[in-house]
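First the structure, in the form of C-alpha cells, and then the observations on it.
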Protein chains: 2
Amino acid sequence: MRVTQKDIARKLGLSPSLVSRALTGRAAAIGAHPETIERIRREARALGYAPNAAARRLRGAGPPLIAIVAADMEDPFFGPAIAEVVRQAHRAGYALTLAGFERRTPYASDVDALLQNDPEAVLAVGSGENAWVRPFVERGIPVVRIGVGSGAPATIDVRVDEEKGFALLIELLAGKGHRAFAFVGARNEVGESRLRVARRLLQKRGLDLPARRALLLDTDVLEAGLRGGEQLAREEGRDWPSAILCSSDAVALGVLRGVAMGGWRVPEHVSITGFDDLALARLANPPLTSVRQPLAAMVADALRLIHEGRGARAPAPRAPELVVRGSTDFPWKC
Amino acid sequence: MRVTQKDIARKLGLSPSLVSRALTGRAAAIGAHPETIERIRREARALGYAPNAAARRLRGAGPPLIAIVAADMEDPFFGPAIAEVVRQAHRAGYALTLAGFERRTPYASDVDALLQNDPEAVLAVGSGENAWVRPFVERGIPVVRIGVGSGAPATIDVRVDEEKGFALLIELLAGKGHRAFAFVGARNEVGESRLRVARRLLQKRGLDLPARRALLLDTDVLEAGLRGGEQLAREEGRDWPSAILCSSDAVALGVLRGVAMGGWRVPEHVSITGFDDLALARLANPPLTSVRQPLAAMVADALRLIHEGRGARAPAPRAPELVVRGSTDFPWKC
DNA sequence: GTGAAAGCGCTAACAC
DNA sequence: GTGTTAGCGCTTTCAC
C-alpha cells in the first residue's frame, strides 16, 4: 500500500489537515509549531511519502497540466523540440502528459485521452492540421502550437519567421550568382507554407520557380528529400537547377543523398539549403547551410501564451539566423 | 465548467450511479433498461461529456499508467523509439506519462513527479544509469528498460543482441580483408557495453583493438562521433585503421563527418559501421552499413514484461539484422 | 431496474 | 496551534 497523509497523521497522533499544511508549506503561514512541522516532514521522508497526483488534481490543487501533442515523432525535429519543452515546462512548474498521434490527423481516442486529463492547455509540437482542436476550443482550453497550423479552428501559433529565413538563404545564394532554383518538401503544412514563402521571395527578385522544380511529396520528411533529390537529379537537359531550397533540415538530408545517387556533387554541381538547423545539419556531408530556428525562445513564447490563458494572441514570428556551411557555394564550380 | 456524470443524471432525472454504469458498459450486465442506457449515452454525447481521468485514477479505475523515462531526447534514437512505444502502449490500453530527465542522472524532482503519478510500471527508453530506480523498486513498481542499464538496482532490460550484431559487422569487414579496427562511442552505458563486446569479438579473431583506437568520449552521441572521427583521422603514421566500428548510428553519422574533415574518404580510405539502423542511416553520405534493431519486437517485449508485473524476468536479447550499405568496402581501395 | 451512500487522497473553510 | 468536516468526480457495494 502507498503511504498517505492519513498514515502519517495516525502515526504522529495528529490530524490529516495539519499534515497536509506542513507538507505543502502552508503551515508556517498559519502559525503552526515549527517543531511539529519538522516532525511531520521527517516522518514523511522516513516513510517515503509521495503525494498522490490524482487526488491533488481532483481537488484542483497541484501543478497545472500541459498536454503535449506530437504529430510525427519520427521527424528528427521532434526530439530536440520536445526536449526543450520538457526542460522549460518543468522549470515553470507544469506537469506534462504526452499524446503521440499515430496518424497526422489523430483518432478520436487520442483526443479523448487528452480531454479526460483536463489539461490547462494543449501544446502541439510541430505543424499540422487543426480539425482535432475543436473539442478543446469548445471547452475553453487554449491550444498553442509551435509551428504552422492549418484549417479551422485556428490554434495560437508560435512561428519562426519563414519570410526572414528564406530571404537570408536566397540572398546568400543569389549573391553567389544562383539563378535556377528548386524547392523540395513533404506535402504537409510546413512544406506548403515554406514553398509559398520561397516562391514569393524568388519572384520578387524576378526568379522563377517552375512547377517541375517545386516538389512537395506525399511521404515523411526524410523520404521526401530522398525522392525529391533523385527526381531533380534525373532531370534531363542542361538547365538543371543550381540551388535546391528545402523545407527543413530533415528534408535536406534526404536531398543530399538523393542528388548524390543521381551523380551530382554538393556543392560543386548544386547548392542545397536546409531550414531549422538541427544538430544533425552540422554532421551532414557536406555540412548543411541552414537557418537556425530559435527553439528555446519559441518554447518560451509558447509557455508564456499558455500562462496568459484564453485571450492570448500569437506573438510576432521569431527571426531565424543564417548558418552558412559547406553545402552552398557558387553555381557550377566545375 | 466541465460536464460531470452528476450533470447528466440531474438533467435526465436519474441517479449518478446509473449514469456511471451506463457509461462504462456495466449497466447491461446488471440488467438496466436498454432504453435508459441509450438515453444516457445520447445525453452524454450531446453535452460533450468526458470522464475525469483524475477521479477515475483516484478511485482505482481507469487504464493503467506507464511512466516513460527518456534519458536523452536529443539522441536521434529516441524519436522513433518513443513513437513505437506510444503506438503499442496506446493499442494495449495503457495511459502514458512522460518524464524527460534534463540530465542523464535525473534530479530528485523528476523522479518525484513520476512517483506521484503512481504508475503501474516505469519504462525507461534508452540506456542509462540505475540509481534513480530505487524508489520504484522499493514500492514494488517494476522498471523495464529498452536498452542497457548500469548499476544497482537492476532494471529488467530488453536488449538487442549486441554480440550478434557486432559479430555480423566484424564478419562482414574481416571477410573483406580488414585487419586494423577502431571503435568510437560516447562514454555511456551503450558505448561502454558495445565497446566491450566489439573488443572481445575482435580478440577472438586475433585482432587487436589498441587503446588509442578505442575511443569513448565524454559528450553527447553526435559530438562524440564528430570528435572521434577527427581524432582518428589525425593519427600519424601509416598504420591507420581501415575500419571504424561505432557504438550507434548517431555516433557513426558524426564519425562520417569527422573523418571527412580529416580528409579521409569513405569507404575508399576507411569503412564505417553504425548500430541501430535508424531511418537516417540510409540517408547518410555514404549510406551507413548498420545492424537493425528490431524495435517493434523489443517494445512488445517491454509491454509484455510490464503486463506480467513484478516477477517478470528479462527476455532473451533480440537478434539484429545486418544491413549492408555504401559505408563499408574493401580496405584501402585507393 | 434504480438509487443512496461511502470512500479513493487531498485541501481549505471553518471551528475551537 | 490544531482538529473537524465537506467535497473534488467517479465507482461500487448494498438496499429497495
Side-chain angles (χ1 to χ4, degrees), chain A residues 1-41 43-44 47-65 95 112 115-120 139, chain B residues 1-40 43-44 47-65 95 112 115-118 120 139:
Chain A
M1 258 312 282
R2 276 183 64 118
V3 181
T4 71
Q5 292 186 354
K6 218 202 291 194
D7 297 331
I8 299 174
R10 192 160 356 103
K11 192 138 184 213
L12 255 36
L14 296 170
S15 77
S17 59
L18 189 53
V19 172
S20 170
R21 286 181 281 219
L23 259 26
T24 47
R26 256 173 293 270
I30 296 298
H33 221 320
E35 195 192 309
T36 316
I37 298 178
E38 195 38 47
R39 270 207 307 155
I40 293 176
R41 293 241 168 89
E43 189 63 25
L47 294 178
Y49 170 78
N52 181 316
R56 276 209 166 144
R57 285 191 57 70
L58 182 55
R59 193 75 220 326
L65 212 211
D112 270 3
L115 280 174
Q116 298 184 7
N117 284 97
D118 197 19
E120 177 91 1
R139 286 169 176 74
Chain B
M1 257 315 280
R2 275 184 65 119
V3 182
T4 70
Q5 292 186 354
K6 218 203 290 195
D7 297 330
I8 300 173
R10 192 157 0 103
K11 191 137 184 214
L12 255 35
L14 296 170
S15 75
S17 56
L18 188 53
V19 172
S20 171
R21 287 181 280 222
L23 259 26
T24 46
R26 256 172 293 270
I30 295 298
H33 219 294
E35 196 191 310
T36 315
I37 298 178
E38 194 41 45
R39 270 206 308 155
I40 293 176
E43 189 63 25
L47 295 178
Y49 170 77
N52 181 316
R56 276 212 167 139
R57 286 192 55 71
L58 182 55
R59 195 70 230 306
L65 212 212
D112 270 4
L115 280 174
Q116 298 184 7
N117 284 96
D118 197 18
E120 177 91 2
R139 286 169 176 74

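Note on naming: letters A, B, ... go to the chains in the order of the sequence lines (proteins, then strands), and numbering restarts at 1 for each one. Only heavy atoms go into these numbers, but all of them, side chains included; no hydrogens, no water, no symmetry mates. Since the model is a prediction, treat every value here as computed from it, not as a measurement.
- When all heavy atoms are compared, the tightest approach of B:Ala9 to B:Pro16 is CB-N, 3.6 Å.
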| field | Audit row: A:Gln116, B:Arg56, side chain to side chain contact (heavy atoms under 4.5 Å, CB included) steps and yes/no | value | CA-CA 10 Å; A:Gln116 298 184 7; B:Arg56 276 212 167 139; 4.3 Å; yes

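- In the 5' to 3' direction, nucleotides of DNA chain C lying under 4.0 Å from heavy atoms of chain B begin and end at C:dG1 to C:dG9.
- Residues B:Gln5 and B:Ser20 share a closest heavy-atom pair of OE1-CB, 3.3 Å.
- Where the helix from C:dG1-D:dC16 to C:dC16-D:dG1 starts and where it ends, the local axes point in directions that differ by 50°; five pairs per end, rounded to 10°.
- Partners of B:Lys11 by salt bridge (charged side-chain N to carboxylate O under 4.0 Å, His left out), not counting sequence neighbours, listed by chain and number: B:Glu43.
- Residues forming a salt bridge (charged side-chain N to carboxylate O under 4.0 Å, His left out) with B:Arg2 (at least two apart in sequence, or on another chain): A:Asp118.
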| What is the per-nucleotide protein-contact pattern of nucleotides 6-16 of chain D, from the 5' end, where B denotes a base atom under 4.0 Å from a protein heavy atom, S denotes such proximity for sugar-phosphate atoms only, and - denotes neither? | -BBBBBBB---

| request: Could you walk me through whether A:Arg21 and A:Ile40 pass the side chain to side chain contact (heavy atoms under 4.5 Å, CB included) test, one step at a time? | output: CA-CA 10 Å; A:Arg21 286 181 281 219; A:Ile40 293 176; over 6 Å; no

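- Residue A:Ile8 holds its CD1 atom at 5.5 Å from CG of A:Leu23, rounded to the nearest 0.5 Å.
- Of all heavy-atom pairs spanning A:Leu65 and A:Asn117, the tightest one is CD1-O, 3.5 Å.
- Side chains of A:Asp7 and A:Tyr49 form no contact here, defined as non-hydrogen atoms less than 4.5 Å apart.
- Taking the salt bridge (charged side-chain N to carboxylate O under 4.0 Å, His left out) definition, one finds that A:Arg139 meets it with nothing, sequence neighbours left out.
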